[in-house]
Amino acid sequence: MTTDEKHIEAQQEAKLFFSRFLLEWYHLQKRDLPWRRHRNPYYIWISEIMLQQTRVDTVIPYFNRFIEQFPTVEALADAPEEEVLKCWEGLGYYSRARNLQHAAKQVKELYGGQVPDDRDAVFSLKGVGPYTAGAILSIAFNRPEPAVDGNVMRVLSRYFRIEDDIAKGPTRVKMEKLAAELIPEGEAGSFNQALMELGALICTPKSPRCLPCPVMEHCAARLAGCETSLPVKTKAKPPRPEERLAALVEGRGEHAGRVLIRQRPASGLLARMWELPHWPAPPAEAGGARGALLPEAAALDRLRRSMSQAGILARPEGHWMAAEHTFSHIVWTLQVYRCREEAALPLAAESRAVYGAALVERGDSALGAESGAAHAGRGDSTLAAALEAQPAEDAPLALFDSGDAAADAADSGAQRWISREDMKNYAFPNVFLKLLNSYFDEQGT
DNA sequence: AAGACGGGGCA
DNA sequence: TGCCCAGTCTT
């Protein structure tokens, strides 16, 4: 027998060992999770979408609420989008929620409300890629398909000492091929979950717990002492900083006790979520330290102009607090200013057009009374009208690239005056949820 | 192939 | 506080 043949034989033995002992460990150690209590393909599907980029402990309460509110594919397909988004509030990557509902409509219309068990059909669902397709097919239908996520790539790269960069596309394909070979006959669902469970509980990114690992004896990385340097992965580039001025506008008169919020556009960052209005801060003065707080007067002036341009009748009064919001590609620093709504005064003819455009969206219709789609496509004309009607002494804001065209286009979106009670009807990103709660706490309302 | 797209846990 | 985690869609 040649050296190569011996190597192949040893490799084969390592694979058999791995599959057998991992599966045995899983049957003894698996966690009791809500989506493991039934083998309902809909539950499996929802859980897998939620588990993308999100840990199990975070997902559990969201999963339970979601299933309670949308118990079936049809319930999800027929729900108002705002309700789905509200149910996803705080979970992040909100396009997952939109895609999920789109896919529910696909399942309802194309497959009679039954999650398909066919590879091409599952893969064609919006929001379902190679990993999720494999997870649904194997866990819900016990089909021998690989389900390779970050946990699986970490486990396999260590056990087989694979040094390929897991951030590269071809590496995932290679891992899928390997993972498929490891699936024991008739055990696809349990085996794929076992692989992920090991990655989550034992073979963790930082300091893997090798001693209780069921497959440590034949782990190539452990034997070579290099388990903490695997997997190889190119690191992401740091998020770019972005300074923004936000307005917490306190209502007066009929809006007393309420604050102004607006809805973001239908696409892009935080699509269709609600927020406090905010705009790019002007670049800091030359000589000033990067990220330095803008002089109060300059910030107040800037905010006054931004609000005026957005058709918000309010006067900035002073700095309230700062908040930070980190995305994977941007870091927002929000300087929040308290502002007071101004009573509408008799308007010059040319100013009326500015305010009129924004007032169209005002009102207090209940959740679901309108969809963001109703506003799509209106933005340009409204903004153009506002710019054109800008009074001469209040020159249009200098243009500079804020990097968030979506947020800046939100000037033409829907606005609402809300109390703390009304917050339950709108979906907010976490940073605004925290700001609004702080504000209402301070007010004692 | 690279960038867009949130939020939380850990040392 | 800074570092790490990572599926799918879009360009």
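Since this is a predicted model, take the numbers as computed values, not measurements. Naming: A, B, ... by sequence-line order, numbering from 1 per chain.
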Any donor-acceptor pair, under 3.5 Å, between the side chain of A:Q53 and the base of C:dG7, if you only look at N and O atoms? yes
How close or far is atom P of B:dG7 from atom CE of A:M273, stated in whole angstroms? 7 Å
Check whether any side-chain nitrogen or oxygen of A:N99 sits under 4.0 Å from OP1 or OP2 of C:dG7, and answer yes or no. no
I'd like the C1' distance from C:dA6 over to B:dG3, given in whole Å. 14 Å
Atom pair distance, as rounded to whole Å: NZ in A:K126 and P in B:dC5: 15 Å
Should A:R158 and A:E227 count as an ion pair when the cut-off is N to O under 4.0 Å? no
Rounded to the nearest Å, what distance is computed from the CZ atom of residue A:R172 to the P atom of nucleotide B:dA1? 12 Å
Comparing nearest nucleotides in DNA chain B, the 5'-proximal residue of the pair A:P429, A:S207 is A:P429
is_close_aromatic(A:F18, A:H218), centroid dist under 6.0 Å: no
B:dG7, B:dA4, C:dA6: which one has an atom nearest the side-chain heavy atoms of A:N430? B:dG7
For the pair A:E242 and A:R244, find out whether any cationic side-chain nitrogen is under 4.0 Å from an anionic carboxylate oxygen. yes
Base, sugar-phosphate or nothing for A:T54? Non-hydrogen atoms, less than 4.0 Å. base
Sugar-phosphate only, base, or nothing, as touched by A:S95 at under 4.0 Å among non-hydrogen atoms: nothing
To the nearest Å, give me how far apart OH (A:Y62) and P (B:dG7) are. 8 Å
Could you work out the separation of C:dT11 and B:dG6 based on their P atoms and round it to a whole Å? 15 Å
Can you tell me how far P of C:dC3 sits from NZ of A:K233, to the nearest Å? 15 Å
Using a heavy-atom cut-off of 4.0 Å across all strands, would you classify A:D149 as base, sugar-phosphate, or nothing? sugar-phosphate
Looking for any heavy atom pair under 4.0 Å, which part of the strands does A:G90 touch: base, sugar-phosphate only, or nothing? sugar-phosphate
Taking the six-membered ring for Trp, are A:H278 and A:F432 ring centroids under 6.0 Å apart? yes
Between the side chains of A:E48 and A:R96, is the shortest nitrogen-to-carboxylate-oxygen separation below 4.0 Å, so that they form an ion pair? no
Which class fits the ring pair A:F17 and A:F21: parallel under 30°, tilted 30 to 60°, perpendicular over 60°? tilted
Which one of A:R98, A:R272, A:H102, A:K86 satisfies the side-chain hydrogen bond (donor to acceptor under 3.5 Å, both in side chains) criterion with A:E81? A:R272
Give me the distance, rounded to whole Å, that separates B:dC10 from C:dG7 when you measure between the C1' atoms they each carry. 22 Å
How would you label the contact of A:R154 with the nucleic acid (heavy atoms, under 4.0 Å): base, sugar-phosphate, or nothing? sugar-phosphate
Describe the nucleic acid contact of A:Y131 in one word from base, sugar-phosphate, nothing, applying a heavy-atom distance below 4.0 Å. sugar-phosphate
Mind checking the C1' distance from C:dC5 to B:dC5? Whole angstroms is fine. 15 Å
Classify the nucleic acid contact of A:L270 as base, sugar-phosphate or nothing, counting any heavy atom under 4.0 Å across all strands shown. sugar-phosphate
For A:H325 and B:dG7, what is the distance between atoms NE2 and C1' respectively, to the nearest whole Å? 7 Å
For B:dC5, does either OP1 or OP2 sit under 4.0 Å from a side-chain N or O belonging to A:H329? yes
I want to confirm an ordering. Mapping A:Y93 and A:F123 to their closest nucleotides on DNA chain C, which one lands closer to the 5' end? A:Y93
Round to a whole Å and report the spacing from NZ of A:K168 to P of C:dA6. 17 Å
A:S328 side chain near B:dG7 phosphate (N/O to OP1/OP2, under 4.0 Å): no
In whole Å, I'd like the distance from the CZ atom of A:R55 to the C1' atom of C:dG7. 15 Å
Nearest heavy atom decides the nucleotide; on that basis, is A:P170 or A:Y94 closer to the 5' end of DNA chain B? A:P170
Which is more 5' along DNA chain C, the nucleotide nearest A:P205 or the one nearest A:T132? Just name the residue. A:P205
